[in-house]
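Position 1 is the first residue of the sequence; numbering continues from there. These figures come from a predicted structure and were not determined experimentally.
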Amino acid sequence: MTRKNIVVCDGDREYVQAFTTYLMEHIPDIAIYSFTSEESFLQCGQVFTVGILSKDFLSVLEFSGKEIVEEKLYLCDEDIAPEYEHLPMVYKYQSMEIVEEMLRRMLQKDISDWWGKRKDSRTQLIGIYSPISHELSMPFGLSLCQVLRESGRVLFLDIEENSIMSAMTGQENGRSLMDLLYYVIQQESFPFGEFVHSFMGVDYISPFANPEELNDVSQEAWDALMQYLLGAGYDVVVILFGRTVLGFHDMVSMCQELVVLGKPGDYYQKSEKSFLNYAGRTYENVPIRTVSLPMSAGNLVDGTYAMEELIQGNLGIFVRKLMQDDMIVRGRAYGTSS
């Protein structure tokens, strides 16, 4: 089996040296090559798994007709060449941790248990799922994000089929999660920032516009989205599931933690127990914790509350205490609230 490798090509000798030194230190199990001369690159006789190539190297490689790089990334500066903007981009002097994450993902994407091997990701994934469809799942998720953002960048991904997030936040946004999925699965170049909005300091992507859109999303699309988000520069991505979508198993398997949200009462707990029995057999390597949320939307008076009040009120206090007492956040150990 041919050993996988990475090649870095750019005319800036000092930059290439610093880049390759970082890769050698942080991805030691992969062979790293570099070139600052187009002629030497074309004459090397080596086939590379991943190539990080500046415009000049991409151009000469294209002109030569040689197939010596299996997957190409465009190493670009402020002036982006439009003929190569369709390729995945690595920006000069961007965070090397993000570049490292991207490369590891590309090198491991053909491994069958890829999801289970990404526990070392810089980006932590926390899943939230309520077998009983708790009516406060979304405010709970945003409250969790509010605490997490105090120690890093957080993205909230609401993939409920009938989310009321836009109505509750009062923010109607054009581009939605469905639009983002289209661009990601097509591997087209796009400005990710146009899809990201902020509420109380938490980044989020507008959820699906209607319930039927969720039925059109394939497992491959979810896979591509998760891979993309792992390289988007967030410390934590919180995923709120509304139901078990086609990619549910893979996404949960990738999470550092799955929070199962329930409520008091024997009727509700029977449903929760049924799911936990299934999850215990299926997600052996994923810590699964139950949180019994005592609050109910039935206690809220119509027209007199807002999302900000929920997050800053009793619900927010409950979540903060839960995390301070025993919940895992980037390395600490979760407990179970019941």
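- Side-chain N or O atoms of Ser137 include one that pairs as donor or acceptor with a backbone N or O of His134 at under 3.5 Å.
- At least one donor-acceptor pair under 3.5 Å links the side chain of Asn5 to the backbone N or O of Thr49.
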Review point. Tyr33 and Val8: side chain to side chain contact (heavy atoms under 4.5 Å, CB included), yes or no, with the steps?
Key: CA-CA 6 Å; Tyr33 298 83; Val8 181; over 6 Å; no
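- In the hydrophobic cluster analysis, where Ile, Leu, Val, Met, Phe, Trp and Tyr join through side-chain heavy atoms closer than 4.5 angstrom, Phe19 is grouped together with Ile30.
- Its side chain outside the 4.5 Å cluster rule for every partner, Phe63 clusters with none of the Ile, Leu, Val, Met, Phe, Trp and Tyr residues.
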Review point. Where do Phe140 and Phe318 land on the ring pair (Phe, Tyr, Trp, His ring centres under 6.0 Å) test, with the steps shown first?
Key: CA-CA 9 Å; Phe140 173 86; Phe318 174 86; 7.3 Å; no
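- One finds the CD atom of Glu70 at 10.0 Å from the NZ atom of Lys72 (value rounded to the nearest 0.5 Å).
- For the atom pair OG of Ser218 and CG of Leu246, the computed distance is 7.5 Å after rounding to the nearest 0.5 Å.
- No side-chain donor from either of Asp235 and Gln124 sits under 3.5 Å from a side-chain acceptor of the other.
- For Lys273, the NZ atom is loosely surrounded, since the number of other residues' heavy atoms within 6.0 Å does not exceed 12.
- Looking only at distances, a side-chain donor or acceptor of Asp179 sits under 3.5 Å from a matching main-chain atom of Ser176.
- In this pair, Trp222 and Phe208 present their aromatic rings perpendicular. The plane angle is above 60°, beyond the 30 to 60° band.
- Counting only heavy atoms from C-beta outward, the side chains of Phe35 and Asp10 never approach each other to under 4.5 Å.
- By the 6.0 Å contact criterion, OH on Tyr91 is open, its count of non-hydrogen atoms from other residues, nucleotides or ligands being 12 or less.
- Shown here is Lys55, whose NZ atom has no more than 12 heavy atoms of other residues, nucleotides or ligands within 6.0 Å.
- Side-chain N/O atoms of Tyr234 and Asp203 include a donor and acceptor closer than 3.5 Å.
- Gln227 and Asp223 share a side-chain donor-acceptor pair at under 3.5 Å.
- In this structure, CG in Asn215 is found 10.0 Å from CD in Glu213, a value given to the nearest 0.5 Å.
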Practice item. Apply side chain to side chain contact (heavy atoms under 4.5 Å, CB included) to Leu276 and Glu272, showing your working. Key: CA-CA 6 Å; Leu276 289 173; Glu272 178 183 318; 3.9 Å; yes
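- In this structure, the side chains of Leu144 and Ile128 come closer than 4.5 Å at one or more pairs of heavy atoms.
- Leu177 places none of its side-chain heavy atoms less than 4.5 Å from the side chain of Pro207.
- Within the 4.5 Å cutoff, side-chain heavy atoms of Leu23 are placed close to those of Leu103.
- There is no side-chain donor-acceptor pair under 3.5 Å between Tyr74 and Glu83.
- Applying the side-chain hydrogen bond (donor to acceptor under 3.5 Å, both in side chains) criterion to Asn210, with sequence neighbours excluded, gives no partner residue.
- Contact between Val154 and Cys145 at its shortest, heavy atoms only, is CG1-SG, 3.7 Å.
- Inter-residue side-chain proximity for Val291 and Leu322 is flagged as met; some heavy-atom pair is nearer than 4.5 Å.
- Using a 4.5 Å heavy-atom threshold, the side chains of Arg243 and Leu214 count as touching.
- Remark: Thr282 OG1 to His249 NE2 distance equals 6.0 Å, nearest 0.5 Å.
- Distance alone, capped at 3.5 Å, is enough to place a donor-acceptor pair between the Ser143 side chain and the Pro139 backbone.
- Of all non-hydrogen atoms in Ala221 and Leu181, the two that sit nearest each other are O-CD2, 3.7 Å.
- Between the side chain of Arg153 and the backbone N or O of Arg149, no donor-acceptor pair lies under 3.5 Å.
- Among pairs with a residue in residues 255-282, those fulfilling ring pair (Phe, Tyr, Trp, His ring centres under 6.0 Å) read Tyr129-Phe275, at least two apart in sequence or across chains.
- Looking at Glu39 and Val60, their side chains never come closer than 4.5 Å, going by heavy atoms from C-beta outward.
- When all heavy atoms of Ile185 and Glu220 are compared, the pair lying nearest together is CD1-O, 3.7 Å.
- Interatomic distance, Ser59 OG to Tyr84 OH, rounded to the nearest 0.5 Å: 4.0 Å.
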Check your understanding: Given the rule in the side chain to side chain contact (heavy atoms under 4.5 Å, CB included) test, do Thr36 and Asp12 qualify, once you have shown the distances and angles that lead to the verdict?
Key -> CA-CA 7 Å; Thr36 56; Asp12 186 337; over 6 Å; no
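- No side-chain heavy atom of Ile205 sits less than 4.5 Å from a side-chain heavy atom of Phe156.
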Practice item. Applying side chain to side chain contact (heavy atoms under 4.5 Å, CB included), run through Phe48 and Ile6 and close with a yes or a no. Key: CA-CA 6 Å; Phe48 302 101; Ile6 299 171; over 6 Å; no
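- Taking OG of Ser37 as the reference point, atom CG of Leu42 lies at 8.5 Å (rounded to 0.5 Å).
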